[in-house]
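Nothing here was measured: the structure is a model prediction, and the numbers come from that model.
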Amino acid sequence: MAIEPVPQPVSEGVRVAIDRGGTFCDVWAFIPNHLYSPPIPLEILGNADIIPGDEQDGGIQVTFKLLSVDPANYDDAPSEGMRRLLQIVKKEKVPRGELYDTSLIGESPQYGQSVRMGTTVATNALLEKKGEPFGLILTEGFKDMIEISDQTRPDLFDLSISGKVKMLYKPEDVVQARERVTLEGWSLDQNAPAAEELIERAKQAGDVDVVMGVSGEAVRILKPLDVEQITSDLQNLYDRGLRALAICLIHSYTYPHHERQIGEIANKIGFTQISLSSDLSPAIKVLPRGNSAVIDAYLSPVLRAYVDGFNSHFEGKKAGKRSEFMKSDGGLVSSDKFSGLRAVLSGPAGGFVGSALTAYSQTRARPVVGFDMGGTSTDVSRFSGEFELTFESVVAGVPIACPQLSIETVAAGGGSKLTYKNGMFVVGPESVGAHPGPACYRKGGDLAITDANLILGRLIPSQFPRIFGPNADEPLDLQASRTKFEVLTKEINASRPDKTPYTVEEVAAGFIKVANEGMSRPMRQITEQRGFAMSSHDLCCFGGAGGQHACAIAAGLGIETVVVPRFSSILSAYGIACASLSAEAASPLSAEVVEDFEQSKTYSEASKRIESLKSDVLRQLQEQGAKQDEVDFTVTIAVQYDGADTILQIPFTPSLKNDFIEAHLRETSFSSNRKVLMSNIRIRGIGKTFNVTPTDYAVALQQVVSLSETSSKAVKPSTFNQAYFDTSSGVQGFQTPVYILSQVPVNSQISGPAIIVDSTQTIVVEPSARAVVLKEHVIIQMQDSTSISRKEEGELSTDPIMLAVFANRFMSIAEQMGHTLQRTSVSVSIKERLDFSCSIHGTDGALVANAPHIPVHLGSMQYAVQAQHNHWLGKLKPGDVLLTNHPQWGGTHLPDLTTVTPVFEPGSDTKVLFYVASRGHHSDIGGTGVTSMNPIAKELWEEGVIIDTFKLVSQGTFNEEGIRDLFGKVAERPGCSATRRIDHNITDLQAAISANVRGIKLVNKLIEEFGTKNVLFYMKEIQIIARETIKDFLRNTYDRFEGKPLRASDYMDDGTEIKLEVRINREEGTAEFDWNGTGPQVLGNCNMPVALTYAAIIYCLRSMISPEIPMPLNQGVLDPITNIVPVGSYINPTGVVAISGSTLASQRLVDIILQAFEAAACSQGCASSTGFGSGGKDASGKVTPGFSYGESLGGGSGAGPSWNGANCVHVHCTNTRLTDTEIFEQRCPMLLVESAIRRDSGGNGKYRGGDGMSKLFEARMPLNFSIVSQRRVFHPRGLKGGADGQRGKNTVYRLNKRLDIDENPQGYTEIGVGSNGIAKLNSGDRLRIETPGGGGWGSLEGQ
């Protein structure tokens, strides 16, 4: 949606826009001249700001803030805002409690608008679980689909998995509809017939159950809807008092008939809220579509009640002649059509629209990063001339499918809590909230960012709204902030007695620095991680707290221009005022996009559907008052490469294929020769409305800056205030001029340091910046300045402020490396399943930062780097890149290929300063198996390419011939194939090199900013923080166990025992992890390289330390640990035996460590790596084409001393996602018959273990399957009297008719598979994988 200037008509009535945020409720209003009678008495005006207009404006604008929650004074902030506005219009007191007369909030005859709102009501109801009870209708066999979700856990190190989303419904309110459809044909078939051909074949065979779906895919109706059953079940729900329904059936995106049947039945019964997933999101992927229906049914009744409650404050039960609400996609909708699903980002969307319309200059054409810093959180967005929508997102931990503006949120706002923990300054993520708020709010709150800015003189209490204290009429309390900061400063200084003590101002400035670094992270994510240079953007700063941080953040990011719109502190409300009505419609259409697209049948079909969808959208907008000639349409197509999950929204044009390829290359840095497929058509209509978009500021800015500073008029400050700034000499106080924005002449220039204020915002101009005041903007231009952190002379001493900054920055670099690897790779395992990790290492290879991508890589990466460091010491040159995967050289298993790049001191080609490394799982590296998880391999050579060390790049030259030769030699081994996709291997290795290059650039940038000495110093210091944290933990553990050794053991399914004894030295704070007594290596695939013992230790130690304690994840965690692992044992093999299942088997190491420390009962101890495929190399050596599919399955997590285990989650060493059922069935000739929780498979106890998962697959053609699993023989143990979890089970069900069993030819014969195996399935045969439950904790009372 491009932005075009719209002429400004004159409205006849008062126009109001309100944004109710988490802390403040912001109000903007336009009062036409004929309704405004100045002067307004101060007792009526309150904290409102009046902005006079000129003749063209035809009226004045009013802005003010009030607290979102202030129960002592009012029950609803938006209606209170309306009351205060009415007082200004009427020039008289309007008492609270009576019905407010809003007749003056009139309607423009031309544009028909009045009250507009953005609200967090839906978001809050979702977060606080205060929605409407509802019934949930799911396909039979999938009653647990929403609860299982994608099986990932949100926090890798939270043993209790407390962050897993709680269900919004009761289990007894779920109804399984007896119906089932699936797709006919499968996309991985290289000779797949067209849908029309499949339907024709079925007709010729007399098969009437294959029909054409809405998406253009052939659909097989396996089981028609049982109408009698569903009617009875719906009536039962209704009789129990439920009035809302969410309905989601498998493949309803293309076959919505069964959902609509159920909806019609429910409507007749009397349900008042019926949410059909096929209406809300007609796109493939049942999980986000189902969540969308759930959220809509849960929130829509609450939202309607809120709208009705808001209107109940006014005469006629209406706030104005019209009321409209902001949707998550940045468009408005009339209040009667506002739904829960569309409301979850209502407030932030207003800010995005406001920043886009006010800060993006068409003349400058520079992309804008929106920086919306409110009281509770900070929202970050990017705008380059068009609004970018995302159609799949995660809200409150729930993946949903719904059009939304692309907004990143970080838990850091003006109300973020400030604490000092573990020798580090910590900002958030907890917020002090609106009530009681920061210490300065006069309600006894804790210290927050707002207090720090007040202490530093960056907030002027006399200019801040007087809305604090018991009666909401007092200013900020500086003394309350100072008193609490003095206490905190004493605590910090006491913890570092040998260092120069901090002043209160230095502590406050330190917290601001840490907060700024945290808020910069999401800005890098939406720009640099997508391939856009940060320095090419402008920063639009808004939100109540944004102006105090903008200069420092811009300087840190290399941004030259900060744009502060006139209404920056209430820009969400202003954006809502500027927005337009919008409506959407979508239709699935699955087809190939060919070269001559315009001449294709698909183009013709799409064009017909587009016209139909446009009519639907136009009808929706006309029902809300829009006129046909004022509606603009945007048409986009969801396009992807065949077999890939990266979907891009591309405008519908005859050049759709080329447009997609170009966009995909830009976004991901690679293109493919695969088919290009479309899956969905989306129409978005915008009803143009009264637009108050400010004029483009670029021309005025250019005119002002072209004047010399001597010729510009001097601006007299209103007063001076002692303010503190970070300088090259430390935190220094300046007598800083304070300017009242309304008194500063337009086109004035103000050099920093300075503070510019009005009643709703404070703009801090740092000493290195200059502000230009225009009519509707304040533009801050950053000046070149020497970094304030480059001092390197003399001895460096540990600064807890810089510790927090560097820990944040190092982790950010590792994360950005990971995004580069994901963006530039081609394989599904890296790009889609995210099976990779990236890390930064010190001069000796020791780990500095490892982004927590895959837990099994934690701790193990550094041993691969150190092995290369030791081997190549003194022999490497700039531009060299090393490659390794050997278990004796720090590898985990052979598919995990690690690239290591040394970084040299500037000007030297011999001195290595540090290393960066990337490890990615390659889905095919050759060997005897079809998948990389080979269940029958016994020796290492059977598992594919083996690399101890190889110079992949030599002084900048990529050795493609050498790497092809390495992979090709695998085929020379008996029964082995070479990799089937060497092009994918090479592309993924080049992606890893790119990720390393990205890491080097970012670290070099860090060195430019802080200096080599500082960077290397803090590389070591953050390791020391981790080391000392672990030492404290070990001492506490010693005391808890009274100095006794900690012991535990367990068994692998082959009977091998693994034993551990942990001996702690309290005085030194160290521990020995002694694995002596562990069984020998075996001829099997679950032997574990020694690096995995380190990975298990570092994971367990971090998981056992309270999340309240900030601790960087690096080599320091392992410094106090001596790891004694017998050579030739199961967990330190000699490099001869197979190890492909090691990453799965390493779960046992974690269970044993946690048992020894009595931290948690055993979890499922497995990941049930399941694979299906056809083709490959047969016994004669012939290679035939086919397909392969694989994924790992979650199970039950172990209970702990204060928590129940979680159901169906990945535990400990892995955390990959489940493939969506509809995607699985679209790609593979398989049917997923059932996906359920294995109820009661978790061990009983005071706290129950989590339940495992049960998945039942059915083959629709002959194929092979493989399974690599554990805990099929030995139970996951309970702890402290808790019962063991149930073992897992793998079972094949062969059709009796294929076994010539006449007794029951339609039945099945059950055959156990064991822990590991490969078998053939014929059409109709089934496979059930049942994953283990978690162990229980503690005895039940009375036992």
Side-chain angles (χ1 to χ4, degrees), residues 517 520-521 523-525 527-529 531 533-535 556-558 787 789-792 796 802-821 823-824 836-853 861-862 864-866 868-869 876-882 898-919 953 956 991-1023 1025-1026 1112-1116:
E517 184 61 41
S520 297
R521 244 167 124 171
M523 297 184 196
R524 295 188 179 101
Q525 289 172 3
T527 53
E528 293 174 343
Q529 286 179 182
M534 191 80 241
S535 58
L557 294 173
S787 172
S789 306
R790 280 205 54 130
K791 284 178 37 177
E792 297 190 5
L796 295 174
M802 295 310 298
L803 268 175
V805 169
F806 272 102
N808 202 316
R809 190 72 70 87
F810 284 138
M811 186 61 73
S812 175
I813 291 171
E815 287 173 349
Q816 288 199 57
M817 289 173 64
H819 280 275
T820 301
L821 178 55
R823 192 168 60 86
T824 55
F836 63 84
S837 288
C838 297
S839 53
I840 306 170
H841 302 260
T843 306
D844 59 354
L847 179 66
V848 172
N850 191 155
H853 295 123
M861 288 275 279
Q862 80 167 22
V865 176
Q866 288 177 326
Q868 300 302 309
H869 167 78
L876 294 173
K877 299 291 183 184
D880 289 349
V881 180
L882 307 173
T898 305
T899 57
V900 181
T901 306
V903 184
F904 292 81
E905 186 175 49
S908 170
D909 61 358
T910 57
K911 185 177 180 182
V912 175
L913 288 182
F914 56 91
Y915 295 89
V916 289
S918 296
R919 174 175 286 172
V953 181
I993 294 168
S994 297
N996 288 359
V997 169
R998 180 71 184 147
I1000 292 168
K1001 286 181 178 177
L1002 292 172
V1003 175
N1004 282 334
K1005 199 172 176 183
L1006 201 62
I1007 288 173
E1008 286 178 21
E1009 185 176 348
F1010 295 101
T1012 302
K1013 189 174 180 180
N1014 265 315
V1015 172
L1016 294 178
F1017 176 76
Y1018 279 102
M1019 273 188 173
K1020 293 288 186 184
E1021 287 302 302
I1022 65 170
Q1023 292 175 352
I1025 283 284
L1113 208 58
N1114 54 51
Q1115 166 61 28

Subject >> Partners meeting salt bridge (charged side-chain N to carboxylate O under 4.0 Å, His left out) with Lys1001 (sequence neighbours left out) >> reply: none

Original post:
Does Arg809 have any salt bridge (charged side-chain N to carboxylate O under 4.0 Å, His left out) partners at least two apart in sequence or in another chain, and if so, which?
Top reply: Glu517, Glu1009

Reported [atom1]-to-[atom2] distance for the pair [X] and [Y], which is rounded to 0.5 angstrom:
| X | Y | atom1 | atom2 | value |
| --- | --- | --- | --- | --- |
| Thr898 | Gln868 | OG1 | CD | 9.0 Å |
| Thr1012 | Glu905 | OG1 | CD | 6.5 Å |
| Leu913 | Met1019 | CG | CE | 8.0 Å |
| Gln1023 | Asn1114 | CD | CG | 5.0 Å |
| Asn1014 | Glu1021 | CG | CD | 10.5 Å |
| Thr901 | Asn996 | OG1 | CG | 3.5 Å |

Might you point out which heavy atoms bring [X] and [Y] nearest each other, and give the distance in Å?
| X | Y | value |
| --- | --- | --- |
| Met817 | Ser839 | CE-O, 3.8 Å |
| Cys838 | Ser918 | SG-OG, 3.5 Å |
| Leu821 | Arg919 | CD2-O, 4.4 Å |
| Thr910 | Ser908 | N-OG, 3.1 Å |
| Val865 | Ala917 | CG2-CB, 3.8 Å |

**OP:** Determine the sole option in Gln862, Gln866, His841, His869 for which the side chain to side chain donor-acceptor pair (under 3.5 Å) test with Tyr915 is passed.
**Re:** His869

So do [Y] and [X] actually touch side chain to side chain, heavy atoms under 4.5 Å?
| X | Y | value |
| --- | --- | --- |
| Asn850 | Leu1113 | no |
| Leu803 | Tyr1018 | yes |
| Ile840 | Ile813 | yes |
| Phe914 | Val848 | no |

Original post:
Of the options Val900, Val953, Val916, which is the one that meets Val881 in a side-chain contact (heavy atoms from CB on, under 4.5 Å)?
Top reply: Val953

Original post:
Checking Thr527 side chain against Met523 main chain: does a donor-acceptor pair fall under 3.5 Å?
Top reply: yes

Subject >> Verdict with supporting geometry, Phe806 and Phe1010, ring pair (Phe, Tyr, Trp, His ring centres under 6.0 Å) >> reply: CA-CA 10 Å; Phe806 272 102; Phe1010 295 101; 4.9 Å; yes

Original post:
So, are Arg524 and Glu815 salt-bridged, with charged N and O less than 4.0 Å apart?
Top reply: no

